[in-house]
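Here's the structure, in structure tokens; my notes come after.
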Protein chains: 2
Amino acid sequence: MTFTEQHERRIPQRTIPRLSHYYRALLESREVQLISSETIAELTGYTAAQVRRDLAYFGQFGTPGRGYSVEDLKKVLLQILGIDHQWNVALIGMGNLGLALLRYRGFHEQGFNIIAGFDNDPRKVGQMIEGVKVHQMDELAEYAKRDQIRMAVVTVPASAAQAVVDQLVGVGVKAILNFAPVRLQVPGGVKIHNIDLAIELERLSFLAIHK
Amino acid sequence: MTFTEQHERRIPQRTIPRLSHYYRALLESREVQLISSETIAELTGYTAAQVRRDLAYFGQFGTPGRGYSVEDLKKVLLQILGIDHQWNVALIGMGNLGLALLRYRGFHEQGFNIIAGFDNDPRKVGQMIEGVKVHQMDELAEYAKRDQIRMAVVTVPASAAQAVVDQLVGVGVKAILNFAPVRLQVPGGVKIHNIDLAIELERLSFLAIHK
DNA sequence: CGTCATTTGTGATGACTTTCACGGAACAAC
DNA sequence: GTTGTTCCGTGAAAGTCATCACAAATGACG
């Protein structure tokens with residue numbers, strides 16, 4: 001069973017993280033060969049209808065009366081999420097957050113290989129951390145070309161983020177995960193996803209005092 | 001001008017982070033006294049109608065024909081977001097991510113004071129990092145009571161997260177920011193917000209290969 | 001005071017997302 | 001075969017959220 005690109009409908013934004021959760025549920029279900037939408041729902045906390053609808057956006061992967069093949073569905077989800085192959089990732093900004101992400105094992109386990117770090121601080125350049133060497137920013141173009149880097153994680157201060165992103169776009173990076181608390185401009189075709197830790201805490205604060 | 005609690009309507013989930021963005025835009029507008037929804041929209045990348053609607057969920061803060069008072073609106077947003085006072089926060093799990101968050105200045109700037117760290121690794125217990133002491137987990141109850149800790153950030157491995165959360169709930173913590181990639185059970189009244197870095201990367205991967 | 005330009009707050013509309021509910025496909029059992 | 005059970009895929013309904021568009025409010029100006 002294979003997933004073949006077929007964009008008939010628009011995919012709801014929130015479907016995508018749910019697919020990741022479904023995939024994790026499948027990883028925990030090695031002993032069974034078939035799994036129902038109801039079981040996936042129980043394991044993930046969503047509803048069975050939601051599971052079926054989300055999967056149906058991408059094709060017909062189940063068998064009525066039986067369920068979904070765990071092995072096949074895992075492959076399909078890997079393909080849909082784009083993690084059926086390795087991503088070479090550059091990490092820009094080797095401050096505390098950058099170091100933490102470099103050491104975070106979760107990335108490598110999902111096929112995201114951080115293959116080079118970049119920083120402008122001379123004290124950090126040249127260091128070897130977790131098997132990853134830290135380079136000066138002006139070496140970015142060289143490595144991006146050589147190692148086909150198409151994804152980057154940005155953990156520089158807000159004031160430097162736009163310039164860094166411009167450089168990344170310039171060397172062909174197509175997807176950027178940005179931790180700097182600032183809205184960044186990118187040309188069409190380049191995807192950017194922002195994680196703002198202060199805003200996440202504020203959201204929690206709001207939840208805690210309301211409702 | 002003051003915001004008085006009045007929950008007539010349900011607040012859309014996505015309104016809350018937008019409020020944080022509006023607040024940031026106001027911080028950058030010190031020279032002006034009045035600001036229009038149109039200007040806030042330009043600064044944040046949303047639409048003017050969205051800005052007005054979001055604010056209107058909580059009351060009437062503007063003046064027709066004039067706009068919003070920057071000073072007043074800042075106060076209102078601080079109140080709505082619950083960051084008009086300090087939060088005492090416990091940080092559980094002093095691994096790489098925990099250390100990065102401890103050193104991250106953005107938290108303290110928004111009134112989130114990490115006042116104690118906790119870990120079960122004997123090599124970490126007793127250390128002093130960024131002015132914060134690392135304690136054993138079994139000392140949690142004592143500190144939670146003494147310092148009125150009502151919020152916690154959890155950066156322990158997935159396998160330990162539920163036990164940690166149970167302890168936090170037991171000592172009266174009401175809001176938890178969880179970085180462990182696992183779905184956690186909490187009783188009603190306790191708010192939990194999850195950030196899963198691997199899933200965020202998968203979302204980016206999806207965006208990069210589709211559309 | 002009347003007119004004009006401006007901008008809020010909100011009813012109405014439209015777009016998007018989730019849930020419901022059921023036809024039909026698949027297989028087991030006899 | 002036929003019956004019974006299971007469970008997917010999806011049209012339709014319900015629910016949620018964003019945008020439109022305008023009445024009403026405000027102050028400037030003469």
Side-chain angles (χ1 to χ4, degrees), chain A residues 1 3-4 6-19 21-22 25-26 29 32-73 76-77 80 203 206 211, chain B residues 1 3-4 6-19 21-22 25-26 29 32-70 72-73 76-77 80 203 206 210-211:
Chain A
M1 170 147 342
F3 155 67
T4 52
Q6 47 168 18
H7 255 247
E8 294 156 12
R9 306 191 193 182
R10 231 185 113 274
I11 311 299
Q13 294 274 338
R14 302 203 49 201
T15 288
I16 301 147
R18 283 196 297 265
L19 295 178
H21 286 126
Y22 304 156
L26 295 182
S29 309
V32 293
Q33 294 192 339
L34 286 167
I35 192 167
S36 68
S37 59
E38 183 59 43
T39 304
I40 296 175
E42 281 167 17
L43 291 170
T44 55
Y46 302 113
T47 66
Q50 182 82 79
V51 172
R52 292 199 299 277
R53 177 71 75 193
D54 282 339
L55 295 175
Y57 285 126
F58 298 93
Q60 305 194 172
F61 308 117
T63 309
R66 311 252 70 206
Y68 299 89
S69 154
V70 171
E71 279 314 306
D72 287 353
L73 194 52
V76 165
L77 287 173
I80 293 172
R203 191 201 302 246
F206 175 92
K211 296 195 225 182
Chain B
M1 169 145 344
F3 156 66
T4 51
Q6 47 168 15
H7 256 247
E8 295 155 13
R9 305 191 194 183
R10 231 184 113 273
I11 313 298
Q13 295 275 336
R14 302 204 48 199
T15 287
I16 301 147
R18 283 196 297 265
L19 295 177
H21 287 125
Y22 304 156
L26 295 182
S29 310
V32 293
Q33 293 191 341
L34 286 168
I35 192 166
S36 68
S37 59
E38 184 58 43
T39 305
I40 297 175
E42 281 167 17
L43 291 170
T44 54
Y46 302 113
T47 66
Q50 181 81 78
V51 171
R52 292 199 298 278
R53 176 70 77 192
D54 282 340
L55 295 175
Y57 284 128
F58 298 93
Q60 305 195 171
F61 308 117
T63 309
R66 311 254 70 207
Y68 299 89
S69 154
V70 172
D72 286 353
L73 194 53
V76 165
L77 287 173
I80 292 172
R203 191 201 302 245
F206 175 93
H210 295 79
K211 297 195 223 182

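Just so it is clear: chains get the letters A, B, ... in the order the sequence lines come, proteins before strands, and each one is counted from 1. Hydrogens, waters and symmetry mates are skipped; everything else that's a heavy atom, side chains included, is used.
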- Message: Around atom CD of Glu42(B), are there more than 12 heavy atoms from other residues, nucleotides or ligands closer than 6.0 Å?
- Response: yes
- Task: Using the closest heavy atom to pick a nucleotide of DNA chain C for each, name whichever of Pro64(A) or Arg14(A) lands nearer the 5' end.
- Result: Arg14(A)
- Query: Between Gly65(A) and Gln50(A), which is nearer to the 5' end of DNA chain C once each is assigned its nearest nucleotide?
  - Reply: Gln50(A)
- Task: Please state whether the phosphate of dT6(D), meaning OP1 or OP2, lies under 4.0 angstrom from any side-chain nitrogen or oxygen of Tyr68(A).
- Result: no
- Message: In this structure, how many angstroms lie between the P atom of dA13(D) and the CZ atom of Arg53(A), rounded?
- Response: 13 Å
- Would you indicate, yes or no, if dT8(C) has its OP1 or OP2 atom less than 4.0 angstrom from a side-chain nitrogen or oxygen of Ser37(B)? yes
- Query: Is there a side-chain contact between Leu73(B) and Tyr22(B) (heavy atoms, below 4.5 Å)?
  - Reply: no
- Message: Tell me if a side-chain donor or acceptor on Thr63(A) pairs with a main-chain N or O of Arg66(A) at a distance below 3.5 Å.
- Response: no
- Note on the structure: Per atom distances to the Pro12(B) side chain, the nearest of dT10(D), dC17(D), dT8(C) is dC17(D)
- Does dT19(D) have OP1 or OP2 sitting under 4.0 Å from an N or O in the side chain of Thr47(B)? yes
- Closest to the Arg52(B) side chain, choosing from dG11(D), dC17(D), dG9(C): dG9(C)
- Task: Classify the nucleic acid contact of Arg66(B) as base, sugar-phosphate or nothing, counting any heavy atom under 4.0 Å across all strands shown.
- Result: sugar-phosphate
- Message: Distance check needed: dC7(D) C1' versus Ile40(A) CD1, whole Å only.
- Response: 12 Å
- Residue Gln13(B) excluded, over 12 heavy atoms near CD under 6.0 Å: no
- Message: Against Val51(A), only a single residue in Leu19(A), Ile35(A), Ile40(A) fulfils side chain to side chain contact (heavy atoms under 4.5 Å, CB included); can you say which?
- Response: Ile40(A)
- Task: Can you figure out which of dT10(C), dC8(D), dC17(D) approaches the side chain of Gln13(B) most closely?
- Result: dC17(D)
- Message: From CZ of Phe58(B) over to C1' of dG9(C), roughly how many Å is that when rounded to an integer?
- Response: 15 Å
- Ile16(B) CD1 to dA18(D) P, in whole Å, measures 11 Å
- Query: Considering only side-chain heavy atoms of Tyr57(A), which listed nucleotide, dT18(C), dG9(D), dC20(D), is closest?
  - Reply: dT18(C)
- Calculate the interatomic distance between Leu34(B) atom CG and dA28(D) atom P; express it in whole Å. 11 Å
- Query: Once you round it to whole Å, what is the distance between P of dT10(C) and CZ of Phe61(B)?
  - Reply: 11 Å
- Test for a donor-acceptor pair under 3.5 Å between the base of dT16(D) and the side chain of Arg10(B), counting only N and O atoms. no
- Which whole-number value in Å describes the distance from Glu38(B) CD to dA5(C) C1'? 15 Å
- Task: Measure from CD on Gln60(B) to C1' on dA23(D) and round the result to the nearest Å.
- Result: 14 Å
